[in-house]
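Step one of this worksheet: look at the structure below.
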Protein chains: 2
Amino acid sequence: MFLENPRPLRVEEVHEFAQSKVPQLGIATVYRNLKLLIGEGEIVEVPVPELGTLYERAGIDHHHHFYCRRCRKLFDFPGCPIDESKLAPPGFSVDSHELFLFGVCYRCNDE
Amino acid sequence: MFLENPRPLRVEEVHEFAQSKVPQLGIATVYRNLKLLIGEGEIVEVPVPELGTLYERAGIDHHHHFYCRRCRKLFDFPGCPIDESKLAPPGFSVDSHELFLFGVCYRCNDE
DNA sequence: ATATGTGCAAACTCTTTGCATGGAG
DNA sequence: CTCCATGCAAAGAGTTTGCACATAT
């Protein structure tokens with residue numbers, strides 16, 4: 001399912017999707033298999049402020065995330081406007097960064 | 001205490017600080033008073049991926065946060081390299097953003 | 001028969017809430 | 001005496017773990 005899905009999913013979304021195939025499947029199994037897939041390098045965690053941890057397939061090029069306040073979905077957006085070397089305050093060394101955009105997505109803007 | 005403190009604090013840090021003045025003070029009181037101070041506009045929440053919610057004094061100019069992986073403290077860094085208008089993917093409208101830097105702080109770099 | 005994956009329930013963490021109390025005015 | 005902030009404990013939400021069972025090999 002992560003292969004088909006271009007955006008990070010919440011645990012509940014994964015659970016619902018999984019239940020559409022195996023109706024009685026429990027939430028514990030979802031968590032267990034998410035951890036397994038992470039161990040295998042198939043997916044990665046996407047920790048988001050206020051939203052908690054979502055999951056998306058691994059190996060996507062460096063990118064960031066957009067959160068739609070209306071449909072409450074998280075979208076990938078490609079590319080990155082950040083130059084880490086110019087960001088480090090004096091004395092600090094930066095090894096990674098996360099950028100989150102908040103707003104309304106193309107689909108919700110159309111309605 | 002938030003007036004003296006230039007960086008966001010975890011609930012536990014607030015609790016420890018408060019206990020240094022009122023030793024038996026409980027965690028529920030800390031949460032209650034944080035909510036109160038937010039309502040009064042004295043402090044704001046700072047939700048951080050993987051760290052949960054921290055708190056800092058309100059009214060600081062637009063800025064972002066740096067997380068030191070070594071001492072596990074969150075620092076403010078002033079200014080902002082983001083131009084929202086250039087970031088919105090086509091069809092998306094952006095109304096705010098959050099940027100987090102991860103690395104080692106000036107103090108830990110000195111050791 | 002053995003091993004693996006699952007459901008279920010309990011445990012754990014973080015946060016919030018209800019209730020009774022104790023001190024301040 | 002009346003209020004209100006507090007401690008304590010219980011309750012929730014999200015996540016993890018132990019255990020027993022079913023299924024496949």
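Computed from a predicted model, the values in this text were never measured in an experiment. Every chain is numbered from 1, with letters handed out A, B, ... down the list of sequences.
For the atom pair SG of C108(A) and CZ of R69(A), the computed distance is 12.5 Å after rounding to the nearest 0.5 Å.
With rounding to whole Å, R10(A) atom CZ is found 14 Å from dA13(D) atom C1'. One atom, NE2 of H15(A), and another, P of dT15(D), lie 13 Å apart when rounded to the nearest Å. Residue E12(A) contributes atom CD, which lies 12 Å from atom P of dA13(D) at whole-angstrom precision.
H15(B) contributes no side-chain N or O that, together with a main-chain N or O of T29(B), makes up a donor-acceptor pair within less than 3.5 Å. Counting only distance, with no hydrogens or angles, the side chain of E45(B) and the backbone of Y55(B) share no donor-acceptor pair below 3.5 Å. Under the 3.5 Å distance criterion, the side-chain polar atoms of E16(B) are left unmatched by any main-chain donor or acceptor of E13(B).
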Reading nucleotides 2-17 of chain C from 5' to 3' and marking B where a protein heavy atom lies under 4.0 Å of the base, S where only the sugar-phosphate is that close, and - otherwise, the string is ----BBBB----SSBB
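Minimum interatomic distance between G103(A) and D95(B) (heavy atoms only, all atoms of both residues): CA-OD2, 3.4 Å.
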